[in-house]
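Note sheet for the following structure.
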Amino acid sequence: MSGPVKQPPLPGMQRAATRTHTLPAWLGELHLVRGALLCFALTLLASVVLLSLSAAYRMREAQRLYLAQHTRAAAATLFNHAETEKQEIRAYEPQFLALRQRGLIGEENRLAWIDAIRHSQEQRKLLPISYDISAQQVLQVPLPMVMGQYHLRGSRMRLQMDLLHEMDLLNLFDDLRQAGYFAVQDCTLKRHAAAGTGNGKAIATGAMAPVLGAECELLWLTVNSVPVPGRP
């Protein structure tokens with residue numbers, strides 16, 4: 001009777017061993033802690049959500065705090081600036097009112113200038129005076145000077161008059177300073193050729209002939225504010 005013949009394994013050949021995988025024992029007990037694991041997962045998820053919400057709330061409140069501090073600092077700066085302006089107004093108000101009374105601040109008053117010339121001529125018995133006033137112009141101020149909302153303006157006046165002596169002209173200037181502020185830009189004095197000869201003008205004194213002739217240019221100064229857009 002014949003059958004398969006088993007041959008012994010050849011040298012160097014190993015029999016393939018059958019491997020078996022055994023699961024850990026704790027896997028079989030997961031159903032016992034399934035509820036606890038689910039509760040832990042839900043708790044962990046809720047904790048992450050709450051941490052995210054609290055971080056966002058903290059950031060939002062920090063931004064609000066910064067904005068409030070910035071607004072408070074700006075309000076404090078404005079308040080301090082207003083208090084400083086009040087102190088400066090109280091300190092310089094008398095000088096400001098005096099300058100406005102003298103005609104430097106505000107609109108120019110040409111009638112006051114003309115009245116001052118007429119009054120000085122009558123009081124000091126001056127010879128006839130002729131004058132001419134040009135249009136007002138904006139004057140340029142030096143760069144370091146800050147004028148703010150104010151502009152410096154000037155009106156040129158040309159004076160021509162005969163003099164009995166030099167003090168007539170100086171006395172006239174003293175009288176004109178009561179009517180406003182001006183600067184003498186140019187002044188020319190000429191001596192007449194001979195005593196007793198005038199230039200065709202009537203002599204107010206009737207006894208003395210003019211000795212000198214004066215031609216001067218005055219610059220009347222005024223400072224007035226410029227309207228600020230948006231303010232009434």
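This one's a predicted model, so the numbers in the text were calculated from it and none came from an experiment.
In this structure, the separation between CZ on Arg100 and CD on Gln95 is 13.5 Å, given to the nearest 0.5 Å. The structure places CD1 of Ile117 at 4.0 Å from CE of Met157, a figure rounded to the nearest 0.5 Å. Atom CD1 of Ile129 sits about 11.5 Å away from atom CD of Gln160, to the nearest 0.5 Å. Here the NE2 atom belonging to His81 is positioned 8.0 Å from the CG atom belonging to Leu78, to the nearest 0.5 angstrom. Taken from CG in Asp174 to CE in Met167, the straight-line distance is 7.5 Å, to the nearest 0.5 Å. One distance of note links CG of Asn171 with NE2 of His165; it measures 7.5 Å at 0.5 Å rounding.
Contact annotation: the side chain of Pro128 approaches that of Gln121 to within less than 4.5 Å [non-hydrogen atoms, C-beta and beyond]. Contact of the Cys187 side chain with the Leu169 side chain is registered, since non-hydrogen atoms from C-beta on lie closer than 4.5 Å. Residues Asp168 and Leu127 fail the side-chain proximity criterion, which asks for heavy atoms closer than 4.5 Å. Between Leu99 and Val223 the shortest side-chain heavy-atom distance does not fall below 4.5 Å. In this structure, the side chains of Leu172 and Arg124 stay at 4.5 Å or more apart for every pair of heavy atoms. Using a 4.5 Å heavy-atom cutoff, the side chains of Glu108 and Ile133 are not in contact. Side-chain contact between Leu164 and Lys125 is absent, with no heavy atoms from C-beta onward closer than 4.5 Å. A 4.5 Å side-chain heavy-atom check between Tyr131 and Ile114 finds at least one atom pair inside the cut-off.
Taking all atoms of both residues into account, the shortest heavy-atom contact from Ala116 to Leu176 is CB-CD2, 3.8 Å. Listed here is the closest heavy atom pair of Leu104 and Leu221: CD1-O, 3.6 Å. Scanning all heavy atoms of the two residues, the minimum distance from Gly106 to Thr222 falls at O-CB, 3.8 Å. Among all heavy-atom pairs drawn from Pro210 and Asp162, the shortest one is CB-CB, 3.5 Å. Gln136 and Arg110 make their closest contact through N-NH2, 3.6 Å (heavy atoms, listed as atom of the first residue, atom of the second, distance). Across Leu163 and Ala214, no two heavy atoms sit closer than the pair CD1-CB, 3.9 Å.
At most 12 non-hydrogen atoms from other residues, nucleotides or ligands lie less than 6.0 angstrom from NE2 of His119. Environment of CZ in Arg191: sparse, with no more than 12 heavy atoms of neighbouring residues, nucleotides or ligands closer than 6.0 Å. Taking a 6.0 Å sphere around CD of Gln185, one finds it holds more than 12 heavy atoms contributed by other residues, nucleotides or ligands. Within 6.0 Å of the CD atom in Glu83, the count of heavy atoms belonging to other residues, nucleotides or ligands exceeds 12.
Of the charged side-chain nitrogens involved, none lies within less than 4.0 Å of a carboxylate oxygen, so that Arg58 and Glu61 do not count as a salt-bridged pair.
Both Met161 and Val184 belong to a single network of hydrophobic side chains, linked directly or stepwise wherever heavy atoms of I, L, V, M, F, W or Y lie under 4.5 Å apart.
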Between side-chain atoms of residues 37-49 and protein atoms elsewhere (two or more places apart, or another chain), which donor-acceptor pairs fall under 3.5 Å?
| from | atom 1 | to | atom 2 | distance (Å) |
| --- | --- | --- | --- | --- |
| Thr43 | OG1 | Cys39 | O | 2.7 |
| Ser47 | OG | Thr43 | O | 2.8 |

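Using a distance-only test at 3.5 Å, with no hydrogens or angles considered, no donor-acceptor pair links the side chain of Arg153 to the main chain of Glu107. A donor-acceptor pair under 3.5 Å is formed between the side chain of Ser134 and the backbone N or O of Arg156.
Using cut-offs of 30° and 60° for the angle between ring planes, the Phe182 and Trp220 rings count as tilted.
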